[in-house]
Number of protein chains: 2
Amino acid sequence: MGTDFDNGITDLNLEDIARLSGVSRSTVSRVVNHHPNVSEITRRKVLEIIERYNFKPHPAARALASQRANIIGILIPHIVSDLFTDPFFSILLQGITTAANSVNYSPILWLTSANVDESAFYDQVFNDRLADGMIVASATVNASFIKRLDQRGKPYIIIGRPFTAYEQSSYVDSENEQGARMMVEHLIKQGRRRIGMITGRSGLTSSHDRLQGYISALQHADIPIDMRLITPAGDYSDASGYTGMKLLLHHRIDAVFAANDVMAASAMRAIKEAGLRIPEDIAIGGFDDMGISRTTEPQLTTVQQPITQLGDYAVRGLIDLLEGRVEPPYQQMLPVKLIVRQST
Amino acid sequence: MGTDFDNGITDLNLEDIARLSGVSRSTVSRVVNHHPNVSEITRRKVLEIIERYNFKPHPAARALASQRANIIGILIPHIVSDLFTDPFFSILLQGITTAANSVNYSPILWLTSANVDESAFYDQVFNDRLADGMIVASATVNASFIKRLDQRGKPYIIIGRPFTAYEQSSYVDSENEQGARMMVEHLIKQGRRRIGMITGRSGLTSSHDRLQGYISALQHADIPIDMRLITPAGDYSDASGYTGMKLLLHHRIDAVFAANDVMAASAMRAIKEAGLRIPEDIAIGGFDDMGISRTTEPQLTTVQQPITQLGDYAVRGLIDLLEGRVEPPYQQMLPVKLIVRQST
DNA sequence: AACAAGTTTGGGAGCGCTCCCACAATATTT
DNA sequence: AAATATTGTGGGAGCGCTCCCAAACTTGTT
């Protein structure tokens with residue numbers, strides 16, 4: 001069969017390795033798959049040959065025979081612009097791919113694109129036969145989406161608790177509500193009373209939950225909710241943070257909680273432009289704890305969300321489902337942490 | 001074999017479809033693969049069954065038999081932080097996946113990660129047997145990297161011309177030098193003479209070429225190069241644009257060219273903070289034409305780089321290599337375009 | 001009508017694995 | 001020492017395709 005280059009890849013197969021090490025194809029297979037019933041001597045002998053020739057089993061053959069491709073699909077059905085302004089997805093992607101690689105799975109990627117027919121795209125995704133299971137990295141999933149997911153018959157995990165049918169579906173999410181409450185309680189403890197909120201994109205449970213946390217913290221402190229202090233049109237983008245803050249500045253607030261760091265940073269710009277000091281005149285808190293929160297002036301108090309771990313748990317959960325170790329729904333809420341810096 | 005749900009996926013195989021439509025396995029295979037030698041009547045009959053049962057061929061079986069998996073690897077060996085601050089990679093990723101999907105290829109993703117052993121990661125990537133070819137989305141490739149790429153024996157395309165061995169390797173890149181020259185010539189035409197430059201990350205041909213374009217435009221206009229007007233430590237990041245601009249402000253410049261939009265935007269902040277007007281006191285130009293260039297105040301004059309098309313060409317080129325339609329090296333330089341807005 | 005050339009179709013072999021079953025070798029018990 | 005349990009090994013069948021070759025059917029030509 002194949003020839004070997006020094007250190008290059010070879011196209012030997014199991015049979016070749018078997019012949020070279022004087023055992024049968026089955027035994028080599030057992031060695032490769034860490035099957036227990038192989039004598040130590042044989043194992044070593046075979047491993048030596050495998051290493052010498054840098055043999056790797058052919059993934060397609062393996063997938064065909066075992067009906068498992070060791071491939072997970074990553075679906076990011078997000079509108080393009082979000083992907084660019086919010087590093088959340090990049091970090092998440094990184095977490096997912098790293099976790100997948102560490103357990104010998106390959107991630108295949110599906111991204112929606114502006115100039116491609118959406119329904120054709122989803123047909124493609126849902127008819128895919130390559131991936132054993134999939135991770136949906138968006139919380140904008142509705143009931144019909146989940147239905148298609150279920151109907152597909154393969155395991156899946158959603159990153160971000162969906163609004164609908166969340167009792168039955170598998171997801172991994174951060175404790176958004178609790179994080180928001182911690183932040184607002186912290187602001188209250190600093191003596192702030194007129195606390196505004198710049199909300200996230202509507203239609204996402206993360207936005208909903210963070211708003212909920214804000215409300216519940218105020219209620220617990222017996223501070224009445226003033227609807228004018230809650231911006232209606234935030235969407236996690238830089239621009240919406242800036243304009244949201246401009247609006248809030250009309251209501252002489254003494255603190256503001258932005259639903260993510262990106263908006264907090266642009267809100268800080270608006271505050272400074274208005275000639276106010278942070279945190280003396282207005283304290284500000286964000287959410288996510290991404291790189292940006294350490295580069296603002298002053299550094300931003302925020303809620304740390306374990307984005308990488310979100311990917312990690314999603315991958316591990318998916319594989320547990322795939323290998324039948326757990327039954328769906330697989331649901332995980334990951335803890336968040338208040339990071340106090342100079343902006344509050 | 002399998003049962004069919006309405007609209008769901010089925011696990012029928014070629015043989016089943018053959019039986020259901022009264023032909024042989026081979027004929028169904030020919031229909032699926034658009035082989036010409038099938039009579040129109042047979043083709044229609046088979047297609048009807050295929051559609052009724054929503055049959056899709058099993059990718060692993062196909063890959064095993066044909067020795068082509070229809071999978072391309074995307075390698076982004078970039079340091080983490082770049083991925084987040086610069087939307088370039090997100091857009092590129094989007095372009096690549098969209099192009100791949102449109103020709104029925106699945107993209108698998110490799111991202112480096114901070115807390116993972118780098119050499120183990122590369123071993124994994126270079127030993128991968130799944131992908132038919134790969135796209136390397138980073139210009140920080142050195143000679144030994146290209147050597148491994150070549151030694152792997154599978155087609156590859158680098159996004160961004162590499163410094164070393166670029167005569168032999170396949171790449172797709174934008175006309176960075178020409179774009180930079182166009183920008184600086186434009187500034188000169190506007191009457192600017194003391195033009196500063198905020199450079200990109202060193203070690204990338206894109207930074208090198210944009211700087212080259214800046215220099216050549218000045219030379220053609222007989223404006224002497226003043227090294228003090230070239231920031232040494234730019235790296236395409238928001239922070240480096242800001243600090244770079246602060247430095248340039250000591251040299252009473254009347255224009256500045258930033259090697260990307262991200263840095264241009266933060267440089268604009270620095271200019272405003274210094275109490276200067278854009279473009280009256282200082283004109284500023286960027287590079288990339290990403291979303292950000294339209295949200296700055298004033299809107300940013302920039303060089304439009306066809307990022308999505310970069311991905312597109314890379315995919316098409318790779319597949320041409322894969323299918324033997326062209327011989328390596330495949331090299332494409334894509335045109336750029338000056339977009340004049342209010343900042344100059 | 002007979003033949004050549006082209007078109008359409010079917011079946012076999014094979015891609016490189018996994019997984020099962022049968023058998024061989026060894027260890028444990030009586 | 002023989003019988004039994006345990007561990008280790010080999011080979012066959014099969015996963016669902018592609019691709020080649022041969023057979024069957026068309027069509028065109030003399």
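Per chain, numbering begins at 1; letters A, B, ... match sequence-line order. Predicted model only: the values in this text are computed from it and were never measured.
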Round to the nearest Å and state the distance from L14(A) atom CG to dT18(C) atom P.
-> 6 Å

Apply side-chain hydrogen bond (donor to acceptor under 3.5 Å, both in side chains) to T97(B) and list each qualifying residue two or more places apart in sequence or on a separate chain.
-> none

Return the value, rounded to whole Å, for the distance between atom CD1 of I17(B) and atom P of dC17(D).
-> 9 Å

Does anything in residues 21-33 of chain A reach DNA chain D, meaning a heavy atom under 4.0 Å, and if so which residues?
-> V23(A), S24(A), R25(A), S26(A), T27(A), R30(A)

For Y171(B) and P162(B) the tightest heavy-atom approach is CD2-CD, 3.9 Å

Does a nitrogen or oxygen in the side chain of Q67(B) sit under 4.0 Å from OP1 or OP2 of dC19(D)?
-> no

Do the side-chain N or O atoms of S66(A) get closer than 4.0 angstrom to the phosphate oxygens (OP1, OP2) of dC15(D)?
-> no

dC17(C) P sits how many Å from R129(B) CZ, rounded?
-> 6 Å

Taking atom types as modelled, is there a side-chain donor on S39(B) or T42(B) under 3.5 Å from an acceptor on the other?
-> yes

Residues at least two apart in sequence or cross-chain that pass ring pair (Phe, Tyr, Trp, His ring centres under 6.0 Å) with F145(A), listed by chain then number, are Y122(A), F126(A)

Of all the choices, dT9(C), dC17(D), dC17(C), which nucleotide is nearest to the side chain of S39(B) once you look at every atom?
-> dT9(C)

Listed once per pair and sorted, the salt bridge (Lys or Arg N to Asp or Glu O under 4.0 Å) pairs that draw on residues 24-37 of chain B, sequence neighbours left out = E15(B)-R25(B)

Donor-acceptor side-chain pairing of Y105(B) and D132(B) below 3.5 angstrom = no

Earlier contact from the 5' end, DNA chain D, for H35(A) and A65(B) | H35(A)

Bend angle of the helix from dA1(C)-dT30(D) to dT30(C)-dA1(D) from five-pair axes at both ends, rounded to 10°?
-> 40°

Residue pairs involving residues 104-124 of chain B (criterion salt bridge (Lys or Arg N to Asp or Glu O under 4.0 Å); sequence neighbours excluded) = D123(B)-R148(B)

Among side-chain atoms of N54(A) and N127(B), is any donor-acceptor pair under 3.5 angstrom?
-> yes

Separation of dT18(C) atom P from H34(A) atom NE2, nearest Å, is 12 Å

Phosphate OP1/OP2 of dT8(C) contacted by T42(B) side-chain N/O (<4.0 Å) | no

Rounded off to whole Å, could you give me the CG-to-P distance for the L130(B) and dC15(C) pair?
-> 20 Å

Starting at CD1 of I41(B) and ending at P of dT7(C), how long is that distance when rounded to a whole Å?
-> 16 Å

Euclidean distance, atom CZ of residue R68(B) to atom P of dG16(D) [Å, nearest integer] = 22 Å

Please state how far atom CG in N37(A) lies from atom P in dC21(C), giving the value in whole angstrom units.
-> 15 Å

Polar side chain donor-acceptor pair, D150(A) to Y156(A), under 3.5 angstrom | yes

